[in-house]
There are 2 protein chains.
Amino acid sequence: MSITKPSLPKGTRDFSPQEMVKRNYIFDTIKTVFKKYGYAEIQTPSMENLQTLTGKYGDEGDKLIFKILNSGNYLSDLDFRYKLGEEWIKFNAETALYLLKKFEDSSGFMPENLDERQFLNTVKNIPRYLEKLSSTLAKNISEKALRYDLTVPFARYVVMHQSEISFPFKRFQVQPVWRADRPQKGRYREFYQCDADVVGSPSLLNEAEFILIYHEALSKLGLKDFNIKINNRKILYGIAETIGQTDKFMEMTIALDKLDKIGNIGVTDELIKTGFSELEAVEVLSFLIADQTGFTIGKKLDNLRLIFGTRSKIGLKGIEEIEKVFDYVSKLTSDNSELATTIELDITLARGLNYYTGCIFEVKTNEVTMGSIGGGGRYDDLTGMFGLKDLTGVGISFGADRIYDVLEELNLFPASAAQGTKVLISNFDEAAELYALPILQQLRTANISAELYPSSAKLKKQMSYAHDKNIPYVILIGGDEMESGLLTLKDMQSGEQQKLGIKTIIGQLGKGL
Amino acid sequence: MSITKPSLPKGTRDFSPQEMVKRNYIFDTIKTVFKKYGYAEIQTPSMENLQTLTGKYGDEGDKLIFKILNSGNYLSDLDFRYKLGEEWIKFNAETALYLLKKFEDSSGFMPENLDERQFLNTVKNIPRYLEKLSSTLAKNISEKALRYDLTVPFARYVVMHQSEISFPFKRFQVQPVWRADRPQKGRYREFYQCDADVVGSPSLLNEAEFILIYHEALSKLGLKDFNIKINNRKILYGIAETIGQTDKFMEMTIALDKLDKIGNIGVTDELIKTGFSELEAVEVLSFLIADQTGFTIGKKLDNLRLIFGTRSKIGLKGIEEIEKVFDYVSKLTSDNSELATTIELDITLARGLNYYTGCIFEVKTNEVTMGSIGGGGRYDDLTGMFGLKDLTGVGISFGADRIYDVLEELNLFPASAAQGTKVLISNFDEAAELYALPILQQLRTANISAELYPSSAKLKKQMSYAHDKNIPYVILIGGDEMESGLLTLKDMQSGEQQKLGIKTIIGQLGKGL
């Protein structure tokens, strides 16, 4: 076996014990809140059939799906045809055979009847052909792919298990997804998604509860200043309808989405550039003014209702939905004024040009410069792609990797989230080891995570082991201790040492378990 | 978007909420014990570079590795050469180009100068060529693969992070692995492994602690009758050395491994069949008799020591190691006689012909017919394959899927392991919903997992939702309840109903949180 220099595929990461404890702290906090609101966990396989995934994420998304090579002799399933005399003969991959023979015989090959000029000509076209071939061949040699998100597998799950499911179905799912994106700072090829969705319930109570879930989970994680933005796709559509440009809904949404960067006037310019009339652009501007920062949500909604007038029923429906959501939220949290200030109506919020049809959400922290740390919304036809029509759903997602970075930057991980073993027993010599064994087991019986250093190494080495592993206490056992039965308990942070009986130590270390 | 009939790749599974709660119960129990013994969690990426994995699992294993197709225009990296005049010209994949052109022009292709006889002749050889080509091509179009086990990625992790790690390094890891095995009952293409290993410590305390970990975790899961078998590869090697057949170590081990099925005489026959002399076979038999069921471990070890005599130092070292492990175990658990009866020395235990060099373990339940539910052992050179020599380690693994089946069959999952939401509030009409909202939030503020049915559906439907979701309590709110402020709490299991104030309900449901 030759020696392999170890490396990791680009865009992937190892997680050390210290990182894992912090990641689990985030996931556990979010999961606990999901459960409290009645969401139950499911898991789906990492692999899905390729056809389950393709066509669901747009052309660009399709290219980013990691495909798995068919296992074993995967080429034998390729289907080729050859015209022999009058008949078409169908058989497996003589193409592959020919390729192999030529490849093996001559270290690369070239059709023999091609001349140099012809050859150089074809070389020019190689890149274009290759891309086509890559995708043609991929379809034939790969039937499975790695999960690209949790939403499509969830839709598949719901359709496949519809007879066992009691609707409304409230599920959460925390699993990795894979994307063949170009890796860069904060963007990985394997990362965890953390989603909750409910399908089969049109009630806007669900939307309201998701706002509370965001608020509770992020507050528990120690965030103090964040915004939950809300909008409704029906309001966006209503604006397009009001100005008589529903077929330019997409262009309008893209322009509105840039408000943060380019301001009111910028958006107007952008609209005119993409083919809207000046009048239309000004009408859109009136919506932006109606929604401007500083107005209360009630005021904003009143303004919008006024502009819609009788021109867009859908727009009015959007307003009504948002009102109902806020109504639920305030009934659920009459005593929580802090929550009210975190919610913000923003009619420029779009959440991509995807499947959302109703309320949409986006969460941002104001304490650190960072993209959104969560988002979601209502969709009316997610399972339609698998043949189950008219099942409405709404869901949200937490951006766990970004939340990790935020908590790290704000120093919000609790000390307990860095702690594994609670106490290390030192090991001076064989006699001390022997003496330590029943003590070790007494600690564990009391559910205290404990280790005995497994050899009589130098004390310095044992102490630095405790230090590196963030172990808060060390029990030192030497001749004195064995004689008196009083053990030396060292607090690694303060450096303080006390001589105590094992029962006292257990009482002290066991606190808070 | 065309409708896709949803399906799962063969050998993969969805996990429903009910299954997830049970699986988490198993994983959490095992993880808690790992942590108590000082093991810390790490995670490695699902994908490893192909070269990290190949050559580590034998030829058969290599075939079972799931390879990931290079993303994007993966053929452009192929390296082909062509002889133009006198020079070799190196460029990308004209092979692929030619293949594409021919494939597109004629729906399959055939070298034009091949006659029918020649053609049929080559067709005969297709399967052989195809297999070769599949593996040649796979090397070129795939650089990454899915994790096949947790051991090799762990070795890679240790070598890559050696400068940050404080040795001895005690880690556990619970993640899925993938194998392109033929799926069958109980064998999946994606399944979780649940491993703990310590590297950098030769102390046999580690072996002893793993025995305790097995005992504690399985007992916590409710298993009452199981065996932890132990052996030492040095004893096996010692037997081969004693009979003067170290070069037939493998054949001997395979024959011994069959003892359970074919008995003493069968093993002797098997040995003679594979080329051992009658005398050698009888000598092996004497070891089996020395180790027979019914003898205490002390007696067995004495017997073995007697037979080894001065003929195998390695064999004696194996005995010594086992004795030391038992010594540690008894010092750690002087009061636990139950544990003593679970441990069994079995010199026929081999744990495959892999990297183990010292003590080996295997765990079986006696309550259900089932293969081993755990196993492991010591290895002296796991990280050598990545260039880090002389790092000894020992580890164990829990077979989570099998443990799941055992607990299911013995009905050992606690009722709490099937429970998510604790209480559902019924929803009769808008007035009741309004009344319920603050109650819902009061329950959640008390950390009680609660749901309000999100629409005023028929009561029967709401009750069957609670039933299907295993929700133990329902709060019914009608006109009476709203007037009196006393809510009806229904115990779903007993059917009993009580009229209680919300504070009393919270006190009752909050117990044990």
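In this text the structure is predicted, and so the values were computed from the model without any measurement.
- Residue A:S46 touches chain B through both its backbone and its side chain, counting heavy-atom pairs closer than 4.5 Å.
- Highest contact tally toward chain A, considering only B:T12, B:T44, B:L8, is held by B:L8 [criterion: heavy-atom pairs under 4.5 Å].
- Counting heavy atoms from C-beta on, the side chains of A:Y37 and B:E451 never come closer than 4.5 Å.
- Interface remark: A:R171 contributes no atoms to any contact with chain B (heavy atom separation under 4.5 Å).
- Taking the ring-ring contact (aromatic ring centres under 6.0 Å, His included) definition, one finds that B:F66 meets it with nothing, sequence neighbours left out.
- Note: B:L146 CG to A:L69 CG = 11.0 Å, rounded to the nearest 0.5 Å.
- In this structure, chain B has no heavy atom under 4.5 Å from any part of A:H467.
- Proximity to chain A is limited to the side chain of B:K144, based on heavy atoms less than 4.5 angstrom apart.
- Contact annotation for A:F167: only backbone heavy atoms (N, CA, C, O) come within less than 4.5 Å of a heavy atom of chain B.
- Interface remark: B:L64 contributes no atoms to any contact with chain A (heavy atom separation under 4.5 Å).
- Residues A:K67 and B:I68 fail the side-chain proximity criterion, which asks for heavy atoms closer than 4.5 Å.
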- Task: Start with the C-alpha distance between B:S7 and A:Q51, add both sets of side-chain angles, then the distance that settles side-chain contact (heavy atoms from CB on, under 4.5 Å), and finish with yes or no.
- Result: CA-CA 9 Å; B:S7 64; A:Q51 59 175 10; 4.2 Å; yes
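- With a 4.5 Å cut-off on non-hydrogen atoms, A:L212 touches chain B through its side chain but not through its backbone.
- Contacts of A:L205 with chain B are made by side-chain atoms alone, with heavy-atom separations under 4.5 Å and no backbone atom involved.
- A:S464 touches chain B through its backbone: at least one of N, CA, C or O sits under 4.5 Å from a heavy atom, while the side chain does not.
- Heavy atoms closer than 4.5 Å to chain A are found in the side chain of B:S201, but not in its backbone.
- Contact count against chain B (heavy-atom pairs under 4.5 Å) is highest for A:E48 among A:K461, A:R23, A:E48.
- Here the CG atom belonging to A:L437 is positioned 9.0 Å from the OG atom belonging to B:S330, to the nearest 0.5 angstrom.
- In this structure, B:M47 and A:R189 have side chains that are not in contact, with every pair of non-hydrogen atoms separated by 4.5 Å or more.
- Put simply, the side chain of B:I42 does not reach to within 4.5 Å of the side chain of A:F15, judged on heavy atoms.
- Contact annotation for B:E19: neither backbone nor side-chain heavy atoms come within less than 4.5 Å of a heavy atom of chain A.
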- Could you walk me through whether A:Q43 and B:D14 pass the side-chain hydrogen bond (donor to acceptor under 3.5 Å, both in side chains) test, one step at a time? CA-CA 6 Å; A:Q43 284 189 347; B:D14 283 327; over 6 Å; no
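- For the pair A:T52 and B:P6, the minimum side-chain heavy-atom distance is 4.5 Å or more.
- Neither the backbone nor the side chain of A:L443 comes within contact range of chain B, judged by heavy atoms closer than 4.5 Å.
- With a threshold of 4.5 angstrom between heavy atoms, A:E190 approaches chain B through side-chain atoms but not through N, CA, C or O.
- Between chain A and the residues B:G387, B:S455, B:P168, the largest count of heavy-atom pairs under 4.5 Å involves B:P168.
- Using a 4.5 Å cut-off on side-chain heavy atoms (C-beta onward), B:Y39 and A:P17 make no contact.
- Chosen from A:T32, A:D468, A:V198, A:L204, the residue pairing most often with chain B at heavy-atom distances under 4.5 Å is A:D468.
- For A:R444 and B:E209, the salt-bridge test passes: some basic side-chain N is under 4.0 Å from an acidic carboxylate O.
- Proximity to chain A (any heavy atom under 4.5 Å) is shown, for B:E164, by neither the backbone nor the side chain.
- Between A:V21 and B:E41, the closest side-chain pair of non-hydrogen atoms is not below 4.5 Å.
- Only the side chain of A:L440 has a heavy atom closer than 4.5 Å to any heavy atom of chain B.
- To the nearest 0.5 angstrom, B:I165 atom CD1 is 9.5 Å from A:S16 atom OG.
- For the pair A:T421/B:K35, no side-chain contact is recorded, criterion being any heavy-atom separation below 4.5 Å from C-beta on.
- Note on A:Q441, A:K170, A:H161, A:M20: by heavy-atom pairs under 4.5 Å with chain B, the leading option is A:M20.
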